[in-house]
Amino acid sequence: MNSKLTTPPNNSHIRNFSIVAHIDHGKSTLADRLMEFTRTVSKRDLKEQMLDSMDIERERGITIKANTVRLEYKAKDQKSYILNLIDTPGHVDFSYEVSRSMKSVEGSLLVVDASQGVEAQTLANVYQALDADHEIVPVLNKIDLPAADSDRVRQQIEEVIGIDADGAIEISAKTGKGVMDVLEAIVHQLPPPEGDLNAPLKALLVDSWYNPFLGVVVLVRIFDGCLAKGDRIKMISSEATYQVDRIGVFKPEMEDTSQLNSGEIGYFTASIKRVSDTIVGDTITHQKQPCKEAIEGMKPSQPVVYCGLYPMEAGEFNALKDAIEKISLNDSSFTSETEASTALGFGFRCGFLGLLHLEVIRERLEREYSLDLIVTAPSVIYHVYLKKGGMVEIYNPVDLPDPTDIDRIEEPRIMATILSPDQFVGEILSLCHARRGIQHELSFVEKRAMIRFDLPLNEVVFDFHDRLKSVSRGYASFDYTILGYSADNLVKLQILVNSEPVDALAIMVHRTNCETRGRLMCEKLKELIPRHLFKIPIQAAIGGKVVARETIAALRKDVTAKCYGGDITRKKKLLEKQKAGKKKMRQFGRVDIPQQAFINALKVNTD
Amino acid sequence: MPDQQTIEPFGIYIHWPFCESLCPYCDFNTYCSNQIDHEQWCEAYLRQLDHSAKELTVSQCTSVYFGGGTPSLMESRTVGKILDRISLLWGFSGQPEITLEANPTTVEQGRFLCFRSEGVNRLSLGLQALKDSDLKALGRKHGVKEAIKAYETADRVFNNVSLDFMFGRQFQSAESWIGELQEIVELNPNHLSIYQLTIEPNTPFGKRHAANRLEGIPDEDTLADMYLATMEICERNGFKQYEVSNYSKPGHKGKHNLVYWEYHDFLGIGPGAHGRISIDNQYFRTNTILNPESWLDGIFKLGTGENQRELINQKERGSEYLLTSLRLNDGMSIDRFEQISGNKLDRNAISELVQDNWVGITDGQLQVTTNGRMVLNQIISKLLS
């Protein structure tokens, strides 16, 4: 292979592509089949969903980091082709990362479950593919299912997405039926990559991750020129320079080569210490002979959702700190800053690209690092304009300036796209209205509705997705894009337990909702906090004004009825168990608040 | 009471593991069997006693308690032989309390006189309720009329009877319990044990409860009302509470159970019986093989049905003493606690609890108030943490 690459390559044998699909529509299974059919991986070595390498990715059926594989395929025309598949993150939280992956390839397979049809997420990703000028090959998967309805889904693709679906390939990734047709379509319908091998190096930084043995591994697409081992390179945006140590391609294991040429996709390492030193979307060029222009569209990824992460036991703070640092090594879009809460002690205020990102990080901290965490209510970033002029960004409701100093508060809003079977439209509309939504579009294709709503992100970050799934019995799918900031009548709702404000329970709400939300939170806390030896008032307040109140009655009876010879040991164990249970609580003043209460207090069905 | 000053109480618990039928709330080590070799069982108890006497040579026995299971299903001569052997091995102190548990059925009351003549001087009758429908729901085989007759017989025979009752039964209201309590105190026994029905996890009730199929269990507030009423009504009728669930006429506290709560040594004999013994100033928790057949095997092959015993360290002894003695109205001796545990009691925790009227201190005894008794587990947790 090295000898092949020393002569100027003719890119006509290369195809670069990605797969666009909704969760469960079979993207990973198809990727597995493509590897198997091109003998990239023998069937014996194939573990299910090869490209999703993290446990959490495999379990949730989502892709978080871009993965790539180089397939070598001998087509029916008897020519050999190199097919580079980039498996993109499939979730709205990572839409910027998706856009960079899309930018690095020329075409996409649009995989739609023939029994389910087009989903909101598919829509968002396919638009990104169209934005990147992709050639798109529609593929109908799961045609072996009895519920498959190819004609209907074909029509749907044409009407909802607006692309020609006449030539859609019918496959079953599970059985392998039609997979050869997909390979042929990649060769014949997708264009080869363009680029000038003799021009100065211009490469796109598609993704990067930390490898404990190699340091940071960078996934690149070469547009112009070539990148070779030993080259001195420069990242245009970060202005950092490095010397390339290793270079190669994924098959899907890393395989070293001597260089990567225009049109190719591969990796390099260059003794880069931290993932945060590499910015997804950056342009890589040679230090001595740089390209004239950077590749456009780069932007640093910005967290949009924040929450507090605290160790269950104060003694675990350092363990949490270490774990957060380790995860940050590999995830530059996850931010953290130490924070002190009067209720919870020392912890971190962390920023995430979205709710899924938050969930994934929380799960990794708990699973990979065996930490017991308290997660506080997610919050968005508020822009608070002060009367004396100037604006402060508020990441935590606790930091809100004195209301008398505030001119106005602006909050981020999103455009949500919801696709659902038509019988749930009524419920979904009332859910969106209850969340302060403004309806933008409601259209129907056959029995499917597309609903577009302008919604405050604050109303979505917590349990909107759960509620949506529940009112639509799991059928509705949802995606969003950030619209920008706008002012609204927002206030800080404080919760007082036993007359003391618990900072970790403060949330921002719309003034018209504050009584309802306050009442529901108080009611929920009454269920969540166990009875104590004294009665505990729980109040919700805006400033000094109490808007809702509940009381937890004092514990009246907690005594073991029988305790004789043999029971003494048992009884002692019971008390020890109780003590262990107490460790799962945080003492606040004289009140023990269970760990789960900090997040569950918000889980109220307001809709 | 001079002999209590001089003789350290030492009790022996004999566990008979068989019942005619199993009650759905009971989580004691009990079995149903119609093939019991009484000779063999009798021999096993005697051998175990012999074995134990080798290492426990000093104390005189102050009480024996035949529990179960249903020990009134034992042959009375087995009871007699056991008592003779104890007398031979340790001797009895002046007035030993010999209690036997019995079910108030017609069959069993026919045998009360036999037990009396073998040396039993106190009968504990499991009446549990004075409502036929509730007895049925509790899986009891007796009816109210039959039970009262059994009680009357027992009272004539022993003149020293304790009755067991339960509150917090399915669909029970505080009002109906108060009415029932009135009938209970009118029976006028020497001693009453009145427990709240406790749902134990590994019982049919526990399983139904976990599956939300045990309906009508009163809520915490109702149970609190029932317990308060129990204490008041007993007090008003001359039954002095001396422990969380125990009430007695003057001079009739259960001596054997006081051994547990006042934290003295006791021997546990029989499948699943527990004991607590001291040998050369070391303290052990003993337990026995649960399965009746295996227990017999242990005795006939190895001479003992005991499992590996556990050493109780000083700190544990302190917390066990606190845990059991605070159940008593007389409370816990602070001196003795500090002597047993080798630690000072947390004075700050105590003064906080005194301030909030959960406990009081009289003559060096730490005692819980009625309020404190209602939430005793919380008080104990606070004192132990």
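Throughout, a chain's letter reflects where its sequence line sits, starting with A, and its residues are numbered from 1.
Across B:Leu323, B:Ile380, B:Ile379, the residue that shares the most heavy-atom pairs under 4.5 angstrom with chain A is B:Leu323. Note: B:Val375 leads B:Val375, B:Ile312, B:Leu376 in heavy-atom pairs under 4.5 Å with chain A. Ranked by heavy-atom pairs under 4.5 Å with chain A, the list B:Thr198, B:Asn257, B:Val244, B:Leu197 is led by B:Asn257. Counting heavy-atom pairs closer than 4.5 Å to chain A, the top residue among B:Glu243, B:Glu320, B:Lys382, B:Glu310 is B:Glu320.
Between B:His264 and B:Tyr260, the ring centre distance reaches or exceeds 6.0 Å.
A salt bridge links A:Glu339 with A:Arg349: the distance from a Lys NZ or Arg NE/NH1/NH2 to an Asp or Glu carboxylate oxygen falls below 4.0 Å. With respect to the salt-bridge test (charged N to carboxylate O, under 4.0 angstrom), the residues B:Asp330 and B:Lys253 qualify. Salt bridge annotation for A:Arg519-A:Glu523: present, with a cationic side-chain nitrogen under 4.0 angstrom from a carboxylate oxygen.
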Side-chain donor-acceptor contacts of residues 549-556 of chain A below 3.5 Å, not counting sequence neighbours, with atom names and distances?
residue  : atom : partner  : partner atom : Å
A:Arg556 : NH1  : B:Asp221 : O            : 3.3
A:Arg556 : NH1  : B:Asp225 : OD1          : 3.0
A:Arg556 : NH2  : B:Asp225 : OD1          : 2.8

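A donor and an acceptor atom, one from each side chain of B:Trp177 and B:Thr222, are nowhere located under 3.5 Å apart. Checking B:Tyr263 against B:Asp265 by side-chain atom types alone, no donor-acceptor pair falls below 3.5 Å. Donor-acceptor pairing under 3.5 Å is lacking for the side chains of B:Glu262 and B:Tyr321.
Heavy atoms closer than 4.5 Å to chain A are found nowhere in B:Tyr65, neither backbone nor side chain.
Within residues 533-547 of chain A, the residues having any heavy atom less than 4.5 Å from a heavy atom of chain B are, in residue-number order, A:Leu533. Within residues 348-359 of chain B, the residues that have a heavy atom under 4.5 Å from a heavy atom of chain A are B:Asp356, B:Trp358, listed by number.
Residues B:Ile277 and B:Arg285 are not in side-chain contact: their nearest non-hydrogen atoms beyond the backbone lie 4.5 Å or more apart.
The shortest heavy-atom contact between A:Leu505 and A:Leu525 is CD1-CD1, 4.0 Å.
Geometrically, B:Arg317 engages B:Tyr283 in a cation-pi contact defined by less than 6.0 Å to the ring centre and at most 45° from the axis.
The side chain to side chain contact (heavy atoms under 4.5 Å, CB included) check on B:Asn287 picks up B:His274, B:Asn307, with sequence neighbours excluded.
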